[in-house]
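Following: one structure in C-alpha cells, then a few remarks.
Note on naming: letters A, B, ... go to the chains in the order of the sequence lines (proteins, then strands), and numbering restarts at 1 for each one.
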Amino acid sequence: MVSLRDFLSDDFLYPMPVTMHDHYDFKSIEQDAQQDWDHGALFNATEDGAKEKFYCLAMFPYPSGKLHMGHVRNYTIADVIARYQRMLGKNVMQPMGWDAFGLPAENAALANNVAPAAWTLSNIDYMRGQLKALGFGYDWSRELTTCLPDYYRWEQWLFTRLVKKGLAYKKTAVVNWDPIDQTVLANEQVIDGRGWRSGALVERREIPQWSLRITDYAEQLLNDLDTLDGWPEQVRAMQANWIGRSVGVELHFAIEREIEGAEALTVYTTRPDTLMGVSYVAVASQHPLAKQAAESNTELAAFIEECRHTKVAEADMATLEKKGLPLGIDAIHPITGEKVPVWTANFVLMEYGTGAVMAVPAHDQRDFEFALKYKLPIRPVIAPLSWKAHLNCPIQAIEHIQLMWTDGIPKLLNMESGSVLNWDTWNDVFAEKGVCVHSGTYVSHPILRQQISRAFDGLDFFRAFDEITAHLEAHGKGHKKINYRLRDWGVSRQRYWGCPIPVINCPTCGAVPVPEDQLPVVLPTDVEMNGPQSPIKSMREFIDTTCPVCGGKAERETDTFDTFFESSWYYARYTSPGNDSAMLDERANYWLPVDQYVGGVEHAVLHLLYARFFHKLLRDEGLVAGDEPFKRLLTQGMVVADTYYREDAIGKKTWYNPADVTPELDDKARIIGAKLIEDGLPVMVGGTEKMSKSKNNGVDPQAMIDRYGADTVRLFMMFAAPPDQMLEWSDSGVEGAHRFLKRLWRMVFEHVARANEFAPTHDANPVGANLFAQHDLEPAQKAARRKLHETIQKVSDDLGRRQTFNTAIAAVMELLNELGKLDDSPASYTIRHEAYLAVTRLLAPIVPHIAEALWRALGQQGMVATAPWPLVDESALVRDSIDLVVQVNGKLRGQFSVAADASREVIEQAALADEKVQQFIEGKAVKKIIVVPGRLINIVVA
RNA sequence: GCCCGGAUGGCGAAAUCGGUAUACGCAAGAGACUUAAAAUCUCUCGAUCGAAAGAUCAUGCGGGUUCAAGUCCCGCUCCGGGCACCA
C-alpha cells in the first residue's frame, strides 16, 4: 500500500513562512515570475539524448502590428501543452519567430509611406514584448525572422536544388491583372471583379511562372495521411479531398477537320461507362481550339473576352452562371465514330487537367443543365443498379429497358418492373453508377455498328470501366489513368515584399538558377513604395547582372516566392539556429518531428499540405530523417465577438467597437438592442463574427493584460470553450476568470496564515501522525481526498490525451468548491495542504505566474514551472460504496447506494425493492433487468 | 457550387465507449457584511402543471434503430471555415 507520505513533499512538514500578501497583486507577481524564468534561462532548450524530447510549436504570427486575440488563444494553448510536458519531465523545446513577408507590409507602406522592412521589424519588436508579457515559455535563442537573408537564403538554396532536380519548372499560369495599376492582384484585392485601388475591371492573364511538382508527391502525401493518427480526422479528410485521387480514363476525340496544333482533343473522365452517352465536348475558353475558332467568329471572340474578366478563384467559378458557345467544329467519338459538337464553356478551366471535358448530360448534373439550356441531346446510357435484379443477361437489357422520347426529353422504362426515369428534371439517381443500357445501339456507322452494337449493355460500372478502357486501348484511343485534383504549386508572386526567386534570365541560356556561392539574392530594403508596382521591377541595379553560365548580360528574376514558401520549413529551421553553413544540421533529427503543432483550422489544407510536401523534399535532400513533420496537430477555432453598426442614408455601415457600446437586455437577459456610450443613441446589433478590423469588433489583448493580468487572459481563453471550437469573447467571462484567481489566492493565503497553528515543526507534527493512516479520516475527509486524486487524474487526461483545457479548469474549480466545505480539523488542514500543492501544479501550465507565487507561499523551493507533475494516489480513489440509479422503462425512478463489490443479484434485489420503483412496476410483469455496472439498472416492464 | 465542421437553459458550455442531460462558469434574483457603494460570502435559478410530494415535456427540425439516443442511422434547416495570389 502506498503511504500518503509519498504524495507529500518533505517540505510539507516544515513550518511555512507566512510571507504572502493578502492582495492578489498580479502586476508584481507576473513581473517577478517572468524575471525568474529569464534568469534561470528556463525555456532555453539543448539537445539531451538522455531525456525524452518534446517539440511544441504554435504557428508563427505574421507581424501585422500587434497581437490579436486569435494569437493569444493559439499561443496559450501551445504554452499550456509545453509547460505540462515539461512538468512531466520531458526535454521541451518551444520556439517562436516571425512569418515576416507578405502583402500587408506593402499595403502599410502605401498607406503610411514607410518601407515594408522598417514597418515589419518595428512590429516584431512590439509584438515580441507582448508575447513576453503573456508569459509564454519560448526559447528566444532560436527566434527566426523570415524576411532576413540568414533565413531566406536557405530556401533560395533549396529552390536551386529543386530546379536542378526538375522539381521546379516554369509554365504559364493565370493571374488577376489590373489593367490600370498594371499589376497582378491577389484574390483578396479583387472586389466584385474590380481592382480594389483602381476600380478597373480585372482580367485573367497568363504569365510564365515557377511551379513546384507537388503532384509528383501526391501519392505519398495521400498515403502518409494514414500514418497521422495524431491529426484531427477532419483535417485528414480535407487534405485527402484536396489531393482528390481518382481512377479514370484519358481518351482522345479526333477533330473532324485539320486545325493547326490540335489534331485531337484529350479529355479525362472517371466515368468511362458513360462514354456512349457523350453528346458534346466542352473546352476552356483559353483552349487553343477555342482561340482558333474565334478568329473567324466575332461572337465567340466576345465570349472569350468576357471569360477573361472572371476572377480566378474556384469558388467564383463554381457559382458562375454556366454559359457556352459552339465552336462550329465537330469531334469524332472514339468508339462510335459519331460526330459530336465541340463547345466552349466558362466552367471548364484551362489549367485544370487537359482543358477539355466530355459531356454526358444524362448522367452529370452540370452537363444536364448546360444541355437543357442550349438544347443539346441527352442520351441515357445507364440504368439504376436496382434494375439489374430484373435483368439476366445483356440481351435482355435491351429488350426490357426501353428508351422513349417526348419533345426531345428521354425516358427510360423498365418493362419488367414498371419503373420509369424521366429526364425532364434532374434526379440524383441519374449520376449513380449503374448498368449500361443502349450503349451501342444508336451507332450510325454501318460497319462499326455491327462490331460493337450492344457491346456494353448489361455491364455494371466496374466491368463497363474495364471493357470500354480495353476497347479504347486496343484502338489507341485512350488509357487508364490515375488523376489528382491537386495541381502543381505556383510559387511566383509579382510582389515586392517576399523572398527573391534566385534565378537569372539569360537571353541565350534561359532561366538559370543562381549558383550556390552567389546566394543569397538579397531583397533591397531601402525602397520607396510609390505605387502598387513592386519597386524592384524597375530597379536596374537589382535587375542587371551577368549570366553565371555564359557570362553574358542577363537579368535577375524580379518575382518573389509565395509566402507559403517560408512557412513550409520554418519548423525545421528552429532546430538548427545559428548555422550559417547549412540549411539544417544533425540537431534537426534530435528534435523532429514536431510533437505538437497548434494553429488555426483555416490552415487545414494549404499551409499544412505545403509543409508536409517540403518535409518530403527535405527528406529527399537528405536533410531530415522522417516522412512527416507534425506528429500531433491541434486546430484551434476562431475568436469571435459581437458586432455593432449604424447605417447612413446611402447604406454605408460604420462599425462600433463592443467596448464603446452598452447592450440592452430584456427581463430574461436577452440582447434586444444596444446604445453607443458616447451619444446614448441606439446602434444596430450585427451578430457575432470573427474579430476583425473591418467589423471593428476586436478586443485589444494589451488592454486586457493591463487591466487583469496575463494569467486572467490565459485562464479565460482556456476556460471559455474547448480549443477546437470557436470562442466568443465575453467581458464578464474575463471578470469571472479574474475572480477565480482572486479566490484561489485568498484561499491559499488563509491556509498559509494558519500554518503555525497546524504544522509547527517537523518532529512534533500532530497532523502528520493521523494522516498516514487513510482509514482514520472522516468520511467527508476521505471524500475530499478522493475528489483531489480524481481531479489530478482528470486534469492529467484533459491536458494530455483529450486537450480539453476547459474541462480541466472546471474540474479544479469543483475541487476548490469541495475543499471550501471541509471542516477546520488538523486532518482537513493537511488534506487542504496536499490539495493546494496539487492544484498549484495542475494550474501551473495555464496560469503560470500566480502558480509560481503560490508555490513559494506554500513553502516550496524552486520553480513550479519545473516541478514534477502531481501523482495520483490510487488508494485514495477506492470507494466503499457506489450510488446507482434505477430506471423503469428507461425513465429515472429512484436511486440507492450499494457496496462497491455487491453482486448483480444483490443489486437487482435492491433495485426491485426500492419504494419508488415499486410504484411503477406494481402489477406489471418484469420482462428484463439490465444492469450497467457502476451506473444504473433499467427494469423493463410490460 | 464543392469539401469540412457546428447547433444543448437567459448566455459560454459539460456529459470522454449508447447508460442519472444541463457539471463548471457568466448573467439574473434574494439575503449577509457595510453609514453607503464596491468587493466578498450564502442561497435560488431549463419549461409547464402542482400547496406539496411529484408528474410531464425538453439537447436546431422530421423520421428510424435500441431496454436505453445529446451521442448511432436516414432526410432537412440554419450558422461557420476552406476553395489554390490573405496569412
Please work out if [X] contacts a base, only the sugar-phosphate, or nothing of the nucleic acid, heavy-atom cut-off 4.0 Å.
X        : answer
A:Asp724 : nothing
A:His607 : nothing
A:Val184 : base
A:Gln209 : base
A:Leu103 : sugar-phosphate
A:Arg366 : nothing
A:Ser492 : base
A:Arg236 : nothing
A:Phe564 : base
A:Gln189 : nothing
A:Lys322 : nothing
A:Val885 : base
A:Leu727 : nothing
A:Trp489 : nothing

Using purine N1 to pyrimidine N3 plus N6-O4 or O6-N4 for Watson-Crick, or N1-O2 and O6-N3 for G-U wobble, both under 3.5 Å, which nucleotide pairs with [N]?
N     : result
B:A15 : none
B:G75 : B:C61
B:C2  : B:G82
B:U42 : B:A30
B:A47 : B:U56
B:U35 : none

What distance, rounded to whole Å, do you find between the two [atom1] atoms, one in [N] and one in [M]?
N     : M     : atom1 : value
B:U42 : B:A47 : P     : 24 Å
B:G19 : B:G70 : C1'   : 13 Å
B:U71 : B:C17 : P     : 14 Å
B:G12 : B:U65 : P     : 34 Å

Quiz item: Is A:Arg485 close enough and on-axis enough to A:Trp242, meaning under 6.0 Å and within 45°, for cation-pi?
Solution: yes
Can a side-chain donor-acceptor contact be found between [Y] and [X] if the only test is distance below 3.5 angstrom?
X        : Y        : value
A:Thr215 : A:Asp488 : yes
A:Glu155 : A:Trp569 : yes
A:Trp489 : A:Asp562 : yes
A:Gln494 : A:Gln209 : yes
A:Ser246 : A:Asn483 : no
A:Ser897 : A:Asp883 : yes

Considering only heavy atoms and no angle criterion, is a donor-acceptor pair shorter than 3.5 Å present between the side chain of [X] and the base of [N]?
X        : N     : result
A:Lys891 : B:U56 : no
A:Asn241 : B:C3  : no
A:Arg743 : B:U40 : no

Quiz item: How close or far is atom C1' of B:C24 from atom CD of A:Glu790, stated in whole angstroms?
Solution: 16 Å
Self-check item: Rounded distance (Å) that lies between atom P of B:A84 and atom OH of A:Tyr610
Solution: 9 Å
Quiz item: Should A:Arg802 be listed as having a side-chain N or O under 4.0 Å from OP1 or OP2 of B:A15?
Solution: yes
